[in-house]
Protein chains: 2
Amino acid sequence: MSGLAAALEVVGARWALRIVEQLLDGPQRYGDLQRDLGVPTNMLATRLRELETAGVLRRLPLKHNTRAYALTERGLALRGAIDALARWGSAHVGEPAAGAADPQR
Amino acid sequence: MSGLAAALEVVGARWALRIVEQLLDGPQRYGDLQRDLGVPTNMLATRLRELETAGVLRRLPLKHNTRAYALTERGLALRGAIDALARWGSAHVGEPAAGAADPQR
DNA sequence: CGCTGATGCTTGCAAAATACAAGTGGCGGG
DNA sequence: CCCGCCACTTGTATTTTGCAAGCATCAGCG
């Protein structure tokens with residue numbers, strides 16, 4: 001399998017990259033991620049489980065019923081890719097699109 | 001909206017980045033993309049329409065009923081992000097996962 | 001001890017995205 | 001005229017995602 005296909009199997013699902021991006025700022029708790037991203041709670045739980053299984057992040061137990069999610073080395077290695085995508089989004093989305101599609105002309 | 005969220009609205013759908021990756025090798029025809037990627041034909045048609053609307057690629061008419069799809073400048077600008085993701089996938093997927101999740105130990 | 005609030009989820013169900021299979025329309029060659 | 005290639009469309013099943021509500025645990029408080 002190509003590298004891109006492999007990467008997308010892990011972080012290609014909806015919200016996955018957004019979650020990792022948030023965690024690049026440091027470990028965060030479940031409720032923080034939920035409020036910052038606006039992600040549905042069941043999706044967040046599912047993604048966190050998948051990303052933990054994939055070795056992208058791990059759970060850090062805090063006090064009693066609170067815990068934090070932190071990126072592993074593998075998760076931190078996504079910073080370059082995320083930054084590149086974010087820069088592309090900032091630079092190229094919402095602009096007039098020089099070579100835009102317009103079947104009428 | 002953050003840059004990453006904007007980017008994912010355009011290229012976050014399934015197959016979108018794979019399609020762009022293929023086109024980084026130069027313009028290709030519909031059937032070529034379909035065979036190289038193994039993408040369902042209706043999804044391919046839908047994605048190509050969306051990516052064209054977003055100004056990521058454009059159609060090049062060839063002879064009679066054949067045409068090629070080629071990246072625009074905006075599409076080519078994705079090369080860095082795609083390469084970064086592909087490198088991450090090659091390096092970090094399928095490996096033993098040093099800090100892997102394993103609740104049993 | 002029982003109540004309350006915070007936190008981190010799970011569960012049930014509807015909507016949307018995706019996959020699979022088959023069919024359509026244009027055109028060139030025989 | 002008919003056949004095959006090419007680029008799709010259409011109908012339907014399956015999977016993913018979203019929304020709303022509920023559950024479990026524990027600390028703090030009276």
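Because only heavy atoms are used, hydrogens play no part in the values below, and waters and symmetry mates are left out as well, while side chains stay in. A, B, ... follow the sequence lines: proteins, then strands. Residue 1 opens every chain.
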Next item on the list: Go along nucleotides 21-30 of chain C 5' to 3' and tag each nucleotide: B for a protein heavy atom under 4.0 Å from its base, S when only backbone or sugar atoms are that close, - otherwise.
Entry: -B---BSS--
What pairs with [X] under side-chain hydrogen bond (donor to acceptor under 3.5 Å, both in side chains), at least two apart in sequence or on another chain?
X       : answer
B:Thr41 : B:Tyr30
A:Thr46 : none
A:Glu50 : A:Arg47

Restricting both atoms to N or O, compile the protein contacts to nucleotides 15-17 of chain C shorter than 3.5 Å, with distance only.
none

Considering all heavy atoms of both residues, which atom of [X] and which atom of [Y] are nearest to each other, and what is their separation?
X       : Y       : answer
A:Ala6  : B:Gly89 : CB-O, 4.2 Å
A:Val39 : A:Leu44 : CG2-N, 3.9 Å
A:Thr72 : A:Gly55 : OG1-O, 2.5 Å
B:Val11 : B:Ala16 : O-CB, 3.8 Å
B:Pro61 : B:Arg67 : CA-CB, 4.1 Å

Check: Mapping B:Arg35 and B:Thr46 onto DNA chain D by nearest heavy atom, which one lands closer to the 5' end?
Finding: B:Arg35
Nucleotide [N], atom [atom2] - distance to [atom1] of [X] in whole Å:
X       : N      : atom1 : atom2 : result
A:Leu62 : C:dG8  : CG    : C1'   : 12 Å
B:Ile19 : C:dT18 : CD1   : P     : 11 Å
A:Tyr69 : C:dT7  : OH    : C1'   : 11 Å
A:Glu9  : C:dT18 : CD    : C1'   : 15 Å
B:Arg49 : C:dT18 : CZ    : P     : 13 Å

Residues in salt bridge (charged side-chain N to carboxylate O under 4.0 Å, His left out) contact with [X], at least two apart in sequence or another chain:
X       : answer
A:Arg59 : A:Glu52
A:Arg87 : none
B:Arg35 : B:Asp32

Item checked: Flag side-chain contact, heavy atom, 4.5 Å: B:Gln28 against B:Gln22 -> yes
Next item on the list: Evaluate the side-chain proximity of A:Arg79 to A:Ile82: yes if any heavy-atom separation is below 4.5 Å, no if none is.
Entry: no
Margin query: Let's go through A:Leu48 and A:Leu33 carefully: what are the C-alpha distance in whole Å and the side-chain angles of both, what is the deciding distance for side-chain contact (heavy atoms from CB on, under 4.5 Å) to 0.1 Å, and is it a yes or a no?
Written below: CA-CA 10 Å; A:Leu48 289 174; A:Leu33 290 169; 4.3 Å; yes
Checklist line | Listed partners of A:Ala5 passing side chain to side chain contact (heavy atoms under 4.5 Å, CB included), at least two apart | finding: A:Met1, A:Ser2, B:Arg18
Item checked: Axial bend angle, the helix from C:dC1-D:dG30 to C:dG30-D:dC1: five-pair end segments, nearest 10° -> 10°
Next item on the list: Give me the first and last nucleotide of DNA chain D, going 5' to 3', that has any atom under 4.0 Å from a heavy atom of chain A.
Entry: D:dT17 to D:dA27
Check: What are the residues of residues 26-33 of chain B, sorted by number, that bring a heavy atom to within less than 4.0 Å of DNA chain C?
Finding: none
Margin query: Could you go through B:Trp88 and A:Val10, starting from their C-alpha distance and side-chain angles, then the distance that decides it, and tell me whether this counts as side-chain contact (heavy atoms from CB on, under 4.5 Å)?
Written below: CA-CA 11 Å; B:Trp88 183 87; A:Val10 175; 3.9 Å; yes
